[in-house]
There are 2 protein chains.
Amino acid sequence: MAQMRIKDIAAEAGVSPATVSRYLNNRPGQMTEETRARIAAVIERTGYRPRAAARNLRSSRTNLIGVILADIANPFSSAMLEGLSSSAAARGCSLMTAISGNDPAKEAESLVRLIDAGVDGLVVNTCGGNDEAIAAAAGRLPVVLLDRDVVDGGVDLVTSNNRELVAGLVDALAAAGSERLCLLTEASDDSPVRRERAEAFADELSRRGLAGEVVTLADGGATGVGRLDETIRGYAGKKLGLIAVNGLVFLRLTEALAQLGPSLPAGLKIATFDDYPWNHVLFGGVTTAAQDTLTIAERVVERLSERIDVVTTTVGEAAKLAPKRIEIPGHIEHRASTSR
Amino acid sequence: MAQMRIKDIAAEAGVSPATVSRYLNNRPGQMTEETRARIAAVIERTGYRPRAAARNLRSSRTNLIGVILADIANPFSSAMLEGLSSSAAARGCSLMTAISGNDPAKEAESLVRLIDAGVDGLVVNTCGGNDEAIAAAAGRLPVVLLDRDVVDGGVDLVTSNNRELVAGLVDALAAAGSERLCLLTEASDDSPVRRERAEAFADELSRRGLAGEVVTLADGGATGVGRLDETIRGYAGKKLGLIAVNGLVFLRLTEALAQLGPSLPAGLKIATFDDYPWNHVLFGGVTTAAQDTLTIAERVVERLSERIDVVTTTVGEAAKLAPKRIEIPGHIEHRASTSR
DNA sequence: TTGTACGCGTTATCAG
DNA sequence: CTGATAACGCGTACAA
């Protein structure tokens, strides 16, 4: 027999297909231990596997979770993917992934492709520019936003406690003696995350009466490095503290500083977001605001599952879950770059 | 109407479901431009989307490609995923991904889960330990191995030209004046890739009559670093050249060297595999053997598509494609670490 | 060129 | 506790 069907198993076990189906889904209406054993034996012996397409058609449930990632080159995203993958697998779900590469058009295309493929729910780490489409999608199936919000609101979001993390980095720099603080950002990055961190930074400065500013690097390496260099020189001798708003900016900062010499200019302190593997190597260790990617991933899948269960269980439009914002606390890794 | 079916579209357009189906799959037997337009209009107006589960059931084709990745933390893997994602999307396919995290048990589990989910084919970047299972899978559906081979052979493999890349790095070090060469590897990494690079390294040495050896770092940071330190000291003053067999080893090397000082000890030259973003920053730039991840990804999907088409088209056991080994040339990025 | 009718493999309903 | 039967939505011979 080329491909076993549930009917064949039933025949071999001397029961009806319905019973085998009940066995496969361990449904209420306990069956005799004897029938159960007979069915189990036949399935074991034949290596039968139910056809997913048929189940999907009948149950309109696929156990597939769609994931759209903005930038997989960012270690935050890859860590997230690993976390999502294992959390989903633990629930018997598989991941359908799409990488937008920060291209809104690709993101939009992925959105429809994944939905068309029949995913039960969607995890979106948006690159922006598709807020309406995402909100619309959230109206049709469970959607949980990852790290980056959409303007509309109304969609679940799981993110880090960015404000506290900013405060933690400011603390570290202040404790290391920095008198003047800069938050380094990139012009091309206008994500809500960057904005939130920038706002929190400004708040922290005014709350403590510290001097400082947000420095936006122009795009394209050279200009950015020049701008940075200028900033550092401008503050020379003033006990400057620098915070890179994300790992990419930190890398550009490192490049710029490398031109000034292998170690940090006297009195310059540094801290950054995103715990990249090289953070504990460069400059003898860089103080870092690390996000708890594993917990974030777990909560994302958990929340999505809740929504999926509601959709599956509920008949009409009853019991709509209210949109929820979930903040997962990260922590500060104190390293040599902010030691006194 | 809650959910449109092909029958509803047909009714609205005043044609039969079969015609709409033909339209959706642009099948032979061209239809009148007029009917085509009428159907298109109705679909456009209603926003109808065919149900994937039903098509899958009928056609036993899902347009899904399963991807199993050993280590997503490795930038090689994330770059690969992005490449696979876009190559697949270009062919109208989606990716079902699983991350094994170098755990053979998880890899085995992913294998069955993805196959059960009905993927048309499988891309496997194996962590080892499942050679039989993978070979068995390759007998049941199209499988293309990514970067890492299985012992059995008999399965398609797409990889880099590791031997030439090793030769290129040896060239670079020799040209920089290194008289004695070490290839740094990790004990825990016993992948075919590492072995291939180690063999090529030995061959290159003997071919050129150069002195050198393969140094295996013990696992666990401290011991490894100690061993490394020892090696470097042992060769002190002998114009040593170091090749890190992959990005992780290079990072550990960097740590060890950081303890000796911020710049390279006099006469020490370095080169590494894997073009991580920090490679052009550390030590003023590290000469790197970079793999062409985009091309690799494209060829993987292309090859997999070939196999899928054969399976779909062919009736019996005819026209089995012979297993193929595809090597994609990478290139050497010459940087400051191997300058004279 | 178009329509009719059947079956893909599974699950839900209902009766026994 | 178990079995018969009817869908789920679509593709495709075959007939017209």
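Per chain, numbering begins at 1; letters A, B, ... match sequence-line order. No experiment lies behind these values; they were computed from the predicted model shown.
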Participant: What is the distance, to the nearest angstrom, from the CD1 atom on Ile39(A) to the C1' atom on dG3(D)?
Facilitator: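 The answer, rounded to whole Å, is 12 Å.
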Participant: Do Glu34(A) and Arg36(A) sit within salt-bridge range, that is, some charged N less than 4.0 Å from a carboxylate O?
Facilitator: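 No, this pair does not count.
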Participant: Which nucleotide, dT11(C), dG3(D), dC10(D), lies nearest any side-chain atom of Asn25(A)?
Facilitator: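 Selected nucleotide (nearest to the side chain): dT11(C).
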Participant: So which one's nearest nucleotide on DNA chain D is more toward 5', Ser21(B) or Arg58(A)?
Facilitator: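 Closer to the 5' end of DNA chain D: Arg58(A).
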Participant: So, is Tyr48(A) near the phosphate of dT10(C), with a side-chain N or O under 4.0 Å from OP1 or OP2?
Facilitator: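 For dT10(C), OP1 or OP2 has a side-chain N or O of Tyr48(A) closer than 4.0 Å.
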Participant: Starting from C1' on dT11(C), measure out to CZ on Arg61(A) and report it in whole angstrom.
Facilitator: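 So the CZ-C1' distance, Arg61(A) to dT11(C), works out to 15 Å.
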Participant: Within less than 4.0 Å of OP1 or OP2 of dT1(C), is there a side-chain N or O belonging to Thr35(B)?
Facilitator: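 Result: no.
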Participant: Rounding to a whole Å, what distance do you find between Arg5(A):CZ and dC8(C):C1'?
Facilitator: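 Computing the Arg5(A):CZ to dC8(C):C1' distance gives 10 Å.
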Participant: Which is true for Thr19(A) with a 4.0 Å heavy-atom rule: it touches a base, it touches only sugar-phosphate, or it touches nothing?
Facilitator: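 Sugar-phosphate contact only - Thr19(A) comes under 4.0 Å of backbone atoms but never of a base.
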Participant: As a test of understanding, state which of Thr35(A), Ile9(A), Ile43(A) forms a side chain to side chain contact (heavy atoms under 4.5 Å, CB included) with Tyr23(A).
Facilitator: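 One option only clears the test, and that one is Ile43(A).
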Participant: Specify the separation, in whole Å, of atom CD of Gln3(B) and atom C1' of dA7(D).
Facilitator: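 One finds 17 Å between C1' of dA7(D) and CD of Gln3(B), rounded.
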Participant: Determine whether Val67(A) and Leu69(A) make a side-chain contact, defined as any pair of heavy atoms from C-beta on separated by less than 4.5 Å.
Facilitator: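 Val67(A) reaches Leu69(A) side chain to side chain.
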Participant: Given atom CZ of Arg55(A) and atom C1' of dG9(D), what is their separation to the nearest angstrom?
Facilitator: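 Roughly 18 Å, once rounded to whole Å.
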Participant: Quick one: Arg27(A) CZ to dA12(C) C1', roughly how many Å, whole number?
Facilitator: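 Nearest whole value for this atom pair: 9 Å.
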Participant: Over how many whole Å does the gap from Leu57(B) atom CG to dC8(C) atom P extend?
Facilitator: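 Value for this atom pair: 9 Å.
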Participant: Could you tell me whether the side chain of Ile65(B) reaches within less than 4.5 Å of the side chain of Asp120(B), counting heavy atoms only?
Facilitator: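 A side-chain contact under 4.5 Å is absent here.
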Participant: Does the dG3(D) base have a donor-acceptor partner in the side chain of Arg22(A) within less than 3.5 Å?
Facilitator: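 Pair found.
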Participant: Could you check Gly14(B) against Ala54(B) and say which one's nearest nucleotide on DNA chain C is further toward the 5' end?
Facilitator: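 Residue closer to the 5' terminus by nearest nucleotide: Gly14(B).
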Participant: In whole angstroms, how far is the P atom of dT1(C) from the OH atom of Tyr23(B)?
Facilitator: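 The answer, rounded to whole Å, is 17 Å.
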Participant: Decide yes or no for Ile115(A) and Leu122(A): does some side-chain heavy atom of the first lie under 4.5 Å from some side-chain heavy atom of the second?
Facilitator: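 Counting from C-beta outward, Ile115(A) and Leu122(A) do come under 4.5 Å.
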Participant: Pick base, sugar-phosphate or nothing for Ser60(B), based on heavy-atom distances below 4.0 Å to the nucleic acid.
Facilitator: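 Since no nucleic acid heavy atom lies under 4.0 Å of Ser60(B), the category is nothing.
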